[in-house]
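Just passing along the structure, written as structure tokens.
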Amino acid sequence: MSADRKVCIITSVHPPFDVRIFHREAISLERNQFHVTLIAPSDQKEAEKEGIRILGIPTSKSRPVRYLESLKFFLAALGTNADIYHFHDPELIAVGALLQVMTRKPVIYDVHEHYPDGIMIREWLPQPTRRLISRVFDFCEKRMAPCFRALIVSDDALAERFRPIHKAVVTLHNFPRADFADGKTVPRATGFGSRVRLAYVGVISAERGLWLMLDLVTILVTVKGIDVSLRLAGEFSNERDQKLFEERIHRDSFLRGRVKWHGVIPHSQLAEWLRRTNIGLVPFQPIPKFFKNVPTKIFEYMAAGLPIVASDLPPIRGYLRSAKAGLLAIAADPNSHAEKIFYLIQNQQRAVEMARNGRLAFEDKYNWNAEEVKLVNLYNALLERRD
């Protein structure tokens with residue numbers, strides 16, 4: 001495959017250095033002799049990193065205005081004269097369809113999650129309208145999906161959703177790159193130390209267990225007599241939860257001394273940040289969206305050598321039990337999560353075994369190597385059909 005095969009990756013929602021889009025897919029393509037241009041929201045007009053050309057499109061904070069701004073992304077993509085186009089957001093479905101018609105080049109739709117379920121928890125949508133919008137979007141997405149040359153999905157549940165209507169569906173799991181964390185992250189045999197450090201990485205919200213995590217910290221300290229701290233890394237999904245969190249931490253000196261929000265940790269620093277913690281948490285709540293999507297943080301915790309305490313939900317359960325990398329708790333019950341954490345603290349050798357199991361599972365199968373091969377094979381197949 002020659003380096004002059006041009007790829008245009010488009011996102012109107014994610015930042016230029018999004019983990020899946022940039023650090024996994026774009027870098028994989030560049031390393032396999034594709035010339036990649038990434039178009040993403042940014043005030044910086046043009047940049048280059050890791051051999052990837054980045055075109056920034058300034059966007060509005062207003063969601064209705066952002067939909068109208070899709071034309072900017074279409075024109076920028078058209079100007080790349082790419083051999084293949086790869087877009088990432090449902091807001092860009094019309095852009096992808098137009099590119100397919102006008103350029104007659106292969107267009108890929110990359111589906112990150114089950115969007116109809118995601119719409120049901122969108123805080124910015126009025127509650128009475130969510131079900132109707134979800135159903136309308138579900139219908140429209142399924143009608144449009146066959147228009148594109150291929151679909152990429154992030155988990156098996158999404159693959160099952162689209163395979164009945166599209167013959168070219170490729171699952172690229174959100175596993176970390178093999179070089180995400182090195183062997184230094186394997187846990188120390190000496191255990192956790194005097195204060196046990198709990199970690200949560202990813203989008204922060206009530207649905208993802210924000211309030212449950214604060215409750216379990218209180219339970220572990222006041223009921224179990226365990227000295228723990230909670231470190232949160234990521235961005236809040238909405239301003240309301242962030243404001244409520246900050247207000248609660250401000251007025252509660254007990255939590256203020258034990259809970260810290262670190263903001264978004266750069267991807268290059270995340271493994272080292274996790275290495276300084278003891279147990280990884282995945283306290284997702286039992287809502288439809290989380291009965292389908294697999295949390296990426298599971299594999300990041302495994303890579304970093306952390307035992308895991310997670311909600312007992314189907315997508316999580318299969319991976320955690322297969323790897324023997326942690327314990328499952330009743331999703332909505334903070335006491336259940338606290339009991340599992342307490343068990344690991346009281347049985348630290350068992351916790352070390354789980355951490356090592358997770359690390360081995362990451363090295364053996366839950367890393368990006370195999371996913372990169374599938375991505376490159378799909379690109380080659382689509383381009384060969386044109387040749």
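The residues of the chain are indexed from 1 along the displayed sequence. Quick caveat, the model's predicted, so the values are computed rather than measured.
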### Query
Side-chain contact, heavy-atom cut-off 4.5 Å: N278 with L306?
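Side chain of N278 against side chain of L306, heavy atoms only: no contact under 4.5 Å found.
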### Query
To the nearest 0.5 Å, how far apart are CG in L151 and NE2 in H166?
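Going from CG on L151 over to NE2 on H166, the span is 4.0 Å.
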### Sidechain-backbone polar pair: T129 side chain, P126 backbone, donor-acceptor under 3.5 Å
yes
### Task
Evaluate whether atom CZ of R135 has more than 12 neighbouring non-hydrogen atoms of other residues, nucleotides or ligands under 6.0 angstrom away.
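Counting neighbours around CZ of R135, 12 or fewer heavy atoms of other residues, nucleotides or ligands fall under 6.0 Å, so no.
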#### Entry: Minimum side-chain heavy-atom gap Y200-P283 below 4.5 Å
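Yes, side chains in contact.
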#### Entry: Closest contact, heavy atoms only, L92 versus F73
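Nearest heavy atoms, L92 then F73: CD2-CB, 4.3 Å.
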### Task
First locate atom CG of L270, then atom NE2 of H262, and finally report the distance between them rounded to the nearest 0.5 Å.
12.0 Å
### Query
Parallel under 30°, tilted from 30 to 60°, perpendicular over 60°: which one fits the rings of Y115 and F137?
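The arrangement is perpendicular - the two ring planes meet at more than 60°.
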### Query
Considering the options K374, E371, R177, which one meets the side chain to side chain donor-acceptor pair (under 3.5 Å) requirement together with S28?
R177
### Task
Kindly indicate, with the supporting measurements, whether the criterion salt bridge (Lys or Arg N to Asp or Glu O under 4.0 Å) is fulfilled by K142 and D138.
CA-CA 6 Å; K142 286 179 177 177; D138 183 48; 3.7 Å; yes
### Query
Hey, quick one: are V136 and M120 part of the same hydrophobic cluster, counting side-chain heavy atoms closer than 4.5 Å, chains of contacts allowed?
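No: no chain of side-chain contacts under 4.5 Å links V136 to M120.
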### Query
Out of curiosity, L210 CG to L232 CG, how far, rounded to the nearest 0.5 Å?
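These two atoms lie 7.0 Å from each other.
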### Message
Is there a continuous path of hydrophobic side-chain contacts, each under 4.5 Å between heavy atoms, that joins V223 to V309?
### Response
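Different clusters: V223 never reaches V309 through Ile, Leu, Val, Met, Phe, Trp or Tyr contacts under 4.5 Å.
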### Query
Do the two ring centres, one from Y319 and one from F299, sit under 6.0 Å apart?
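Yes: the rings meet the under 6.0 Å criterion.
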### Message
Surrounding CZ of R195 (heavy atoms of other residues, nucleotides or ligands, distance under 6.0 Å), is the total greater than 12?
### Response
yes
### Task
If the plane angle is over 60° it's perpendicular, under 30° parallel, otherwise tilted; pick one for Y379 and F34.
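Perpendicular.
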### Task
Indicate yes or no: at least one non-hydrogen side-chain atom of K340 is less than 4.5 angstrom from one of P307.
no
### Query
Got a donor-acceptor contact below 3.5 angstrom from the R122 side chain to the G118 backbone?
yes
### Task
May I ask you to decide if K105's main-chain N or O and T103's side chain share a donor-acceptor pair within less than 3.5 Å?
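Checked: pair present.
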### Task
Please examine the side chains of I39 and I9, heavy atoms only from C-beta on, and report whether any two atoms are closer than 4.5 Å.
no
### Message
Atom CD of residue position E235 - does it have more than 12 heavy atoms of other residues, nucleotides or ligands inside 6.0 Å?
### Response
no
### ring-ring contact (aromatic ring centres under 6.0 Å, His included) between F180 and W368, worked out
CA-CA 10 Å; F180 171 75; W368 182 253; over 10 Å; no
### Task
Could you tell me whether the side chains of H173 and D155 share a donor-acceptor contact shorter than 3.5 Å?
no
### Query
Are any side-chain N or O atoms of N347 and backbone N or O atoms of Y343, one a donor and one an acceptor, separated by less than 3.5 Å?
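Looks like yes, one N/O pair under 3.5 Å.
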### Query
Is the closest side-chain donor-acceptor distance between Q100 and Y85 under 3.5 Å?
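Distance-only check fails for Q100 and Y85.
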### Query
A338 and I219: which non-hydrogen atoms are nearest, and at how many Å?
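The answer is CB-CG2, 3.7 Å.
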### Message
Evaluate R20 against D110 for side chain to side chain contact (heavy atoms under 4.5 Å, CB included), listing each step before the verdict.
### Response
CA-CA 10 Å; R20 177 176 177 87; D110 199 318; 3.3 Å; yes
### Task
Taking the six-membered ring for Trp and the full ring for Phe, Tyr or His, determine whether the centres of F175 and F362 are under 6.0 Å apart.
no
### Query
Shared ILVMFWY cluster between L328 and I330, side chains joined below 4.5 angstrom?
no
### Message
Regarding H88 and E25, do their side chains bring together a donor and an acceptor under 3.5 Å, going by distance alone?
### Response
yes
### Query
Side chains of V19 and R24: does their closest heavy-atom pair fall under 4.5 Å?
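The answer is yes; the side chains approach within 4.5 Å.
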### Message
What's the separation between atom CG in L382 and atom CG in D83, rounded to the nearest 0.5 Å?
### Response
11.5 Å
### Over all atoms of both residues, closest heavy-atom pair of V294 and P315
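Result for this residue pair: CG2-CB, 3.8 Å.
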### Query
Going hydrophobic residue to hydrophobic residue with side-chain gaps under 4.5 angstrom, can you get from V203 over to F284?
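No; F284 is not reachable from V203 via cluster members.
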### Query
Between H114 and N293, do the side chains contain an N or O donor and an N or O acceptor separated by less than 3.5 Å?
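Note: H114 and N293 side chains miss the donor-acceptor criterion.
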### Atom pair CZ/CG of R321 and D312 - distance to nearest 0.5 Å
6.0 Å
### Message
I'd like to know if V196 and W273 are part of one continuous hydrophobic network [Ile/Leu/Val/Met/Phe/Trp/Tyr, side-chain heavy atoms within less than 4.5 Å].
### Response
yes
### Query
Which pair of non-hydrogen atoms, one from I308 and one from I298, has the smallest distance, and what is that distance?
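That would be CD1-O, 3.6 Å.
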### Query
So, does E141 use its side chain to make a donor-acceptor pair with the main chain of P90 at under 3.5 Å?
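Not at all, since once roles are kept as given, no pair shorter than 3.5 Å links the two residues.
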### Message
Between L55 and K45, does the side chain to side chain contact (heavy atoms under 4.5 Å, CB included) criterion hold? Intermediate values first, please.
### Response
CA-CA 6 Å; L55 298 181; K45 187 174 181 180; over 6 Å; no
### Message
Minimum heavy-atom separation for Y109 and I93, please, with both atom names.
### Response
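That closest heavy-atom pairing would be OH-CD1, 3.9 Å.
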### Query
Do you see a donor-acceptor pair shorter than 3.5 Å between the side chains of D241 and S205?
no
### Task
Please confirm whether the backbone N or O of R276 pairs with a side-chain atom of R197, one donor and one acceptor, at under 3.5 Å?
yes
### Under 3.5 Å donor-acceptor, D18 side chain and H14 backbone
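Side chain of D18 to backbone of H14, a donor-acceptor pair under 3.5 Å: no, none is there.
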### E46 atom CD: more than 12 heavy-atom contacts under 6.0 Å
yes
### Query
Do I10 and D89 come within less than 4.5 Å of each other through their side chains, counting heavy atoms only?
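Of all side-chain heavy-atom pairs linking D89 with I10, none is under 4.5 Å.
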### Query
Just wondering, are more than 12 heavy atoms of other shown residues or ligands nearer than 6.0 Å to CZ in F139?
no
### Message
Show, in sequence, the C-alpha distance, side-chain angles and deciding distance for E372 and R31, and conclude whether the salt bridge (Lys or Arg N to Asp or Glu O under 4.0 Å) test is met.
### Response
CA-CA 10 Å; E372 179 176 293; R31 290 179 179 177; 5.5 Å; no
### Query
Any side-chain heavy atom of L220 within less than 4.5 Å of one from F342?
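They are in contact (side-chain heavy atoms under 4.5 Å apart), so the answer is yes.
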### Message
So does G234 get a backbone contact from the side chain of W261, meaning a donor-acceptor N/O pair under 3.5 Å?
### Response
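A pair under 3.5 Å: yes.
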### Query
Does F245 have its ring centroid less than 6.0 Å away from the ring centroid of W211?
no
### Steps toward side chain to side chain contact (heavy atoms under 4.5 Å, CB included) verdict (T296, E300)
CA-CA 7 Å; T296 306; E300 292 170 339; 4.0 Å; yes
### Task
Taking all heavy atoms of T59 and all of P41, pick out the closest pair and write down the distance.
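Looks like OG1-CB, 3.8 Å.
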### Query
Going through the checks in order, is the side chain to side chain contact (heavy atoms under 4.5 Å, CB included) test met by V201 and I265?
CA-CA 9 Å; V201 171; I265 304 296; over 6 Å; no
### Message
Can you see whether S134 engages R131 through a side-chain donor-acceptor pair at a distance of less than 3.5 angstrom?
### Response
no
### Message
Contact between V169 and V153 at the side-chain level, heavy atoms closer than 4.5 Å - yes or no?
### Response
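Of all side-chain heavy-atom pairs linking V153 with V169, at least one is under 4.5 Å.
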#### Entry: Atom pair CD1 (I226) and OG (S194), whose distance is rounded to the nearest 0.5 Å
11.5 Å
### Task
Indicate yes or no for a side-chain donor-acceptor contact from S311 to the backbone of L313 under 3.5 Å, with no hydrogens or angles considered.
no
